[in-house]
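Structure, as structure tokens:
In what follows, chains carry the letters A, B, and so on, assigned in the order in which the sequence lines appear, proteins first and then strands, with residues in each chain numbered from 1. Scope of the values below: all heavy atoms of this structure, side chains included, with no hydrogens, waters or symmetry mates.
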Protein chains: 4
Amino acid sequence: MVPALGRLNLRRVGVQGIRKPLSVQRDDRVVSLSTVFSVAVDLPSNRKGSDLSRNAELLAELVDETVTQPVASLESACSVIARELLVRHPYAMESEVVASADYFLRRGISSDRRSFEDYTLIAEAGASRTNAHEIQLRRWIGAEAVGMTACPCAMETARAKLEAEFPLLADPSLKELPIVSHNQRNRTRLTFEVGGDVEVEADAILDAIESAQSSPTYAILKRGDEAQVVLNAHRHPKFVEDVLRDLLASLPKRFPALPDGAEVDARTKSEESIHKYDVVASHQVTMGELRRQLAA
Amino acid sequence: MVPALGRLNLRRVGVQGIRKPLSVQRDDRVVSLSTVFSVAVDLPSNRKGSDLSRNAELLAELVDETVTQPVASLESACSVIARELLVRHPYAMESEVVASADYFLRRGISSDRRSFEDYTLIAEAGASRTNAHEIQLRRWIGAEAVGMTACPCAMETARAKLEAEFPLLADPSLKELPIVSHNQRNRTRLTFEVGGDVEVEADAILDAIESAQSSPTYAILKRGDEAQVVLNAHRHPKFVEDVLRDLLASLPKRFPALPDGAEVDARTKSEESIHKYDVVASHQVTMGELRRQLAA
Amino acid sequence: MVPALGRLNLRRVGVQGIRKPLSVQRDDRVVSLSTVFSVAVDLPSNRKGSDLSRNAELLAELVDETVTQPVASLESACSVIARELLVRHPYAMESEVVASADYFLRRGISSDRRSFEDYTLIAEAGASRTNAHEIQLRRWIGAEAVGMTACPCAMETARAKLEAEFPLLADPSLKELPIVSHNQRNRTRLTFEVGGDVEVEADAILDAIESAQSSPTYAILKRGDEAQVVLNAHRHPKFVEDVLRDLLASLPKRFPALPDGAEVDARTKSEESIHKYDVVASHQVTMGELRRQLAA
Amino acid sequence: MVPALGRLNLRRVGVQGIRKPLSVQRDDRVVSLSTVFSVAVDLPSNRKGSDLSRNAELLAELVDETVTQPVASLESACSVIARELLVRHPYAMESEVVASADYFLRRGISSDRRSFEDYTLIAEAGASRTNAHEIQLRRWIGAEAVGMTACPCAMETARAKLEAEFPLLADPSLKELPIVSHNQRNRTRLTFEVGGDVEVEADAILDAIESAQSSPTYAILKRGDEAQVVLNAHRHPKFVEDVLRDLLASLPKRFPALPDGAEVDARTKSEESIHKYDVVASHQVTMGELRRQLAA
């Protein structure tokens, strides 16, 4: 295709940061997710501009009508929007939707301590026009959870120092005694591609993340509870490397329906208590590669 | 004064978030502080608008010329700007300048581990026109440091739980053994008013803050060093209440030249590792009241 | 009161940034507000620490139960929390609650262009223990809206320049022609104190703010609509000073039930298109003082 | 390679958000850039953890020593760090360094209005171990500038509306009269790959960006100057699509030394004055592809 007027094509043109209340049906009740959407389509070289008002209009129609007709999930809303973007921008070959929402789950260290914990839901969808009449859809689902990590390395060196100062600590009966270390907030985010009709619960993703951290964290912790979370974290000390590997390694069993071609993106950040900077790890892999590596 | 045209007076009209490179003379060398300024003056009811371009012009003149003529300190720059604001806005009765800057100090857990640690410098100045010919100046100086707190309460309850599981832990020789707790980043900020010609070093404020936290934190920590910081923090477990009280209680001795009328503002925040939310404490008091309370 | 152990009292100790889903009854339906709460109480000198777990517990009980029993408003929730804080912290004399929530209203430039616009709701409450048996409550309500300002000054100087270049522009028939200027996002926030049983609708506060800006802004604007918003803004060019004064001047008529003692806080920020920095104005005043000034 | 213990490899493990003062030699003087670094290396499956303390140590050594021995540029510092990361992490095959810094240039609408304008510098470097003895380096340089866009579409529809109301406006002599539109802050960022010994000045990148926006913006604008910026912007009305295409189209001439294989990443965001959300465009392309498209 020859660019008209020497114009260049552009990968993405769109709107970013539109906040909308998305009504989602969950079991027996409707929840309203305060959601931030970004949507974009590509722009061919022979077209001057993207009709941006269609994006806001489309979002308004689809999202606003969920007040009376709730959608099944954040990702199903994204899929509908991605597809509809290509309908309303007939010159575009690709569309992209990214959405994130505040999300709340009732959790607690025990059944009588439950309250709403605060998480982030993530969904993405992309549509491609394969030829004049077909639209191919890819979609991703994910979540982010704040939990806790305790450092295994500082724990080991602290034990060595303490045994020199407190000889009794070397007694075999104290071998399993949890030893002081630095611990901190850990923020872990997992997103993966979901195939055609595979449904994944956000709660299952959050479970996977929280199980990979040294410990989940909770809003309500009475006196004894604090110690229980602290002990739990120190009995599962983890580097960011460990959090990410344990999370990735758990995916094949937790999400067996995901196809080998599904892309996985995992990121974790520990806001180190002993440093002013963060420690991070990230990985991108397909479910198939993950299965092969774990079977090796 | 009768408002012309029914106009109302306004407390503050100005510009916010102007970033400038301020050159400051420190001992033997000039450092350039990447500084964000906000400046404002009041607007009387009989005047339609504030001449805002004078603010940017004044900042440009005073700050840009420090490239060739460095100022003594961030707060001396703020004082000059506050005074000059009333000169250039002759209708205004009050001016206000707030500035914050990235600041670096070479610190380390030992002399061979030193590197630049990252802090924030704060300075504020306010000028008032007392009558036609006099301008009264007040100025504040402050800083913020990220350090670490370890929780005394979880430490106590963890010991009780652990003694039940590891009876030997109750042995008198292990009474001083540091016990696991939650620890986390703590962000503490102190600002206080400084009198006419009192000079306060930012480094002394940062020392006061870091001494009040459970432990300072460092960029470079080799294997054994991590344990040392962890042990230091667990040997000085502190609630945010303790950080703030210890900081406030240290001020009369650390800054004896501050007059009784000097206002003090102290704030601390612990980014709790066991919760998704922060724990905070803050206090406002005069040096005189602080001295009275501590002498009681 | 003599400080036990030389301890100092502290103004505020509490938790910050707890995000919760607050269910609020609005006319015929329940909306869920994604709300961030910060709560604090004072700490007397004779007490070592504040029992912070009570704050999270209280918030969980009061906020989580709104799922089944929606509250009347964000500010009524804050009032209940402020009062209950003093019940659960019997040593405290004062409590403070600050809450902000994403808020959505269906608005549009015309009735067939309506969609959810994004705002922020604000509520604050403070309780004081006046003597052993009484608790006095003060509460504030507010909101923030993003709109648009066009600059009257650049418009005037642009006209002068343009008339020199296009003499016909000086024709009397073009006297009211809107002339180019810089225009930009304006973010205005108003909070005021509300008396015992005065009820104020958040929507009325947002109306007041949007009426004081050069123009409200909208998510959906088709071709002709964009020009209509642009013309509306240029026909009401405003400095930040004008936005704030017009907002303040409208309050006595819009909110006649507010008592003279009610505190008002108004802030506005224009994210200048011709500068990299923001222009701001702010004012604090009582309704009584405002009424007196406007009657002068 | 068979994962030891069933461990997975990870793409990136490192530290993020380390702020350091980097001393850079510029012509006749040394400037200190307040720089935020993030560095990472990959982790093979047969190794338990990444030695993170080496990252902070390496940064401290290389960056701190620039106080006495300034580096040539931010990107040369990144290259040295990327290479050294592979030396200090002998198990790693790839390293990545990302850095951004506050940057100031004296600019003005005229020579007597010059003052420091605030920009962001960006540099990235990646090193790969091609075989046991060789390290291959790739590096990117970039910058971000805040400028201004005026919308061509609203300008066109506003003219139509205004001509209906002010018939004289249709007079041929007023055909070039700039017409009201919405204008706003535009934030544009350009990064591109630079070959082995190609040196690119950050100022040249900022020139390219500012030339592609409707107008640069300035800290100091006296009365008449404001109108001049406004008129300049309205005489060069641009969609985000136009900003990005004009920027991309200017690169071959501005940076002829860049090889065909050099990757280019360009992003622009207009903080729309008539909406509460942003409008964005982005593109990724090689210099070769860009040259081919522009020659077509």
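- Taken to the nearest 0.5 Å, the CZ atom of Phe239(B) stands 11.0 Å off from the CG atom of Leu43(C).
- The CG atom of Leu294(B) sits 13.0 Å away from atom CZ of Arg7(C), with the distance rounded to the nearest 0.5 Å.
- With a 4.5 Å cut-off on non-hydrogen atoms, Asp242(C) touches chain B through its side chain but not through its backbone.
- Taking chain C as the reference chain and counting heavy-atom pairs below 4.5 Å, the highest number among Leu52(B), Val280(B), Asn55(B) is found for Val280(B).
- The most heavy-atom pairs under 4.5 Å with chain C, out of Arg267(B), Gln284(B), Lys276(B), His275(B), come from Gln284(B).
- Looking at Ser50(C), both its backbone and its side chain come within 4.5 Å of chain B, counting heavy atoms on both sides.
- Residue contact with chain B, scored on non-hydrogen atoms closer than 4.5 Å, involves the backbone and the side chain of Lys48(C) alike.
- Residues of residues 11-19 of chain B that come closer than 4.5 Å to chain C, counting heavy atoms only, are Arg11(B), Arg12(B), Val13(B), Gly14(B), Val15(B), Gln16(B), Gly17(B), Ile18(B), ordered by residue number.
- Residues Leu8(B) and Leu244(C) have side chains not in contact (no heavy-atom distance under 4.5 Å, counting atoms from C-beta outward).
- Of the inter-residue distances, the one linking Tyr277(C) atom OH with Leu59(B) atom CG reads 8.5 Å to the nearest 0.5 angstrom.
- Between Leu10(B) and Leu248(C) there is a side-chain heavy-atom pair separated by less than 4.5 Å.
- If you tally non-hydrogen atom pairs under 4.5 Å between each of Ser38(B), Ala295(B), Ala281(B), Ala40(B) and chain C, the highest count goes to Ala281(B).
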